[in-house]
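Just follow the structure's listing: the first ligand is 1, and inside any ligand the first atom is 1.
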Amino acid sequence: MEQAKGYIASDNKRKVTTHRLLEMKQRGEKISMLTAYDYSMAAVIDQAGMDVILVGDSASNVMVGNTTTLPMTVDQMIYHGKSVMNAVKRAMVVIDMPFGSYQGNPVEAVSNAVKIMKETQADCLKLEGGKEILESVQRILSAGIPIMGHLGLMPQSINKYGTYAVRAQEEEEARKLLDDAHLLQEAGCCSIVLEKIPATLAKKVAEELTIPVIGIGAGSFVDGQVLVMHDMLGLNKSFSPRFLRRYANLYDEIESAVQRYISDVKSSDFPSEKESY
Ligand code: KIV
């Protein structure tokens, strides 16, 4: 199979684990991560060689059509998680803990985390926040469940920010982000996602931490990149942030295919004799 330029084909069949992510950081191999929410897309993405598949609570936006990620429930994340897990053989699968399932009560956080892990058999969970959720993070980790942290723009806190603008541009917020990143690493998190922050700050975090730092809108000086699948495949025309690179224009391709099908049905061109029994 012909691979894209720069693609590292070594170890391509080995299951990606938290340990392998750490090895990748140590040898300077960038980590690729993309969201998926269903069986069919997860199968393609895994076969393509993705290192990490994130069952993001962005399912709320791209699968359900909500304006925020807040409405997602534990059971909905489990539904998407199971669908993805049914397809994936190699990638490490990370599931977002949804809003309200870990922020308030650390004991409830562990039971929600255990429920998601038991019912999906995923590899890891992702939680948004630093110091404020540290007790939940520690309890979940002590149950043997790996955690990927998430700092910077945290979509579950959008009502607090009131804007999707770049975070941590001021010194105080940047300092807190750096402190939170260290706290999460010391607690035992296996990696951290940094969303929509200045590239210089992301670089500092990636250099100071020994665990992998994966960016979205956080520049190139981090250990890997994550995007939302619908955005990078061009399924979503209305979302065009500066950090997004579109690798396909599926909205137009699908629209055109569907229009051709409608036209073939209306004109009785489909099905032909060959397509009939
Ligand atoms: O839910 C999600 O898709 C995410 C990514 C934006 C990192 O958390």
Original post:
For ligand 1, does Thr69 get within less than 4.0 Å through its side chain, its backbone, both, or neither, judged by non-hydrogen atoms?
Top reply: neither

Subject >> ligand 1 contacted by His150 (non-hydrogen, < 4.0 Å) >> reply: yes

Subject >> Selection residues 57-71 - residue pairs positive for salt bridge (charged side-chain N to carboxylate O under 4.0 Å, His left out), sequence neighbours left out >> reply: none

**OP:** Would you list the pairs meeting salt bridge (charged side-chain N to carboxylate O under 4.0 Å, His left out) in which at least one residue belongs to residues 239-256, sequence neighbours left out?
**Re:** Lys237-Asp252

**OP:** Within a distance under 4.0 Å of any heavy atom of Gly56, pick out the atoms of ligand 1 and give their elements.
**Re:** 1 (O), 2 (C), 3 (O)

**OP:** Find all atoms of ligand 1 within a distance of less than 4.0 Å from any non-hydrogen atom belonging to Thr35, and give their numbers and elements.
**Re:** 3 (O)

Original post:
Quick check: does Asp57 get an N/O under 3.5 Å from an N/O on ligand 1?
Top reply: yes

**OP:** Decide whether the shortest distance between a heavy atom of Glu128 and an atom of ligand 1 is less than 4.0 Å.
**Re:** no

Subject >> Contact atoms of ligand 1, heavy-atom distance to Asp96 under 4.0 Å >> reply: 1 (O), 2 (C), 8 (O)

Subject >> Atom indices of ligand 1 within 4.0 angstrom of Ile216 heavy atoms, with elements >> reply: 6 (C)

**OP:** Check the surroundings of atom CD in Glu132: do more than 12 heavy atoms from other residues, nucleotides or ligands lie under 6.0 Å from it?
**Re:** yes

Original post:
Is the shortest heavy-atom distance from the side chain of Pro155 to the side chain of Glu195 under 4.5 Å?
Top reply: yes

Subject >> Ring geometry between His230 and Tyr37 (parallel below 30°, tilted from 30 to 60°, perpendicular above 60°) >> reply: tilted

Original post:
Among protein heavy atoms, which sits nearest to atom 7 (C) of ligand 1, and what does the distance come to when rounded to 0.1 Å?
Top reply: Leu54 CD2, 3.7 Å

Original post:
Just which atoms of ligand 1 are under 4.0 Å from any heavy atom in Val228?
Top reply: 3 (O)

Subject >> Any side-chain heavy-atom pair of Glu23 and Arg20 under 4.5 Å >> reply: yes

Subject >> atom 2 (C) of ligand 1: nearest protein contact (heavy atom, Å) >> reply: Ser58 OG, 3.2 Å

Subject >> Closest approach of any protein heavy atom to atom 8 (O) of ligand 1, naming residue and atom >> reply: Lys126 NZ, 2.8 Å

Subject >> Contact check, side chains of Met33 and Asp51, non-hydrogen atoms, under 4.5 Å >> reply: no

**OP:** Please examine the side chains of Asp123 and Lys15, heavy atoms only from C-beta on, and report whether any two atoms are closer than 4.5 Å.
**Re:** yes

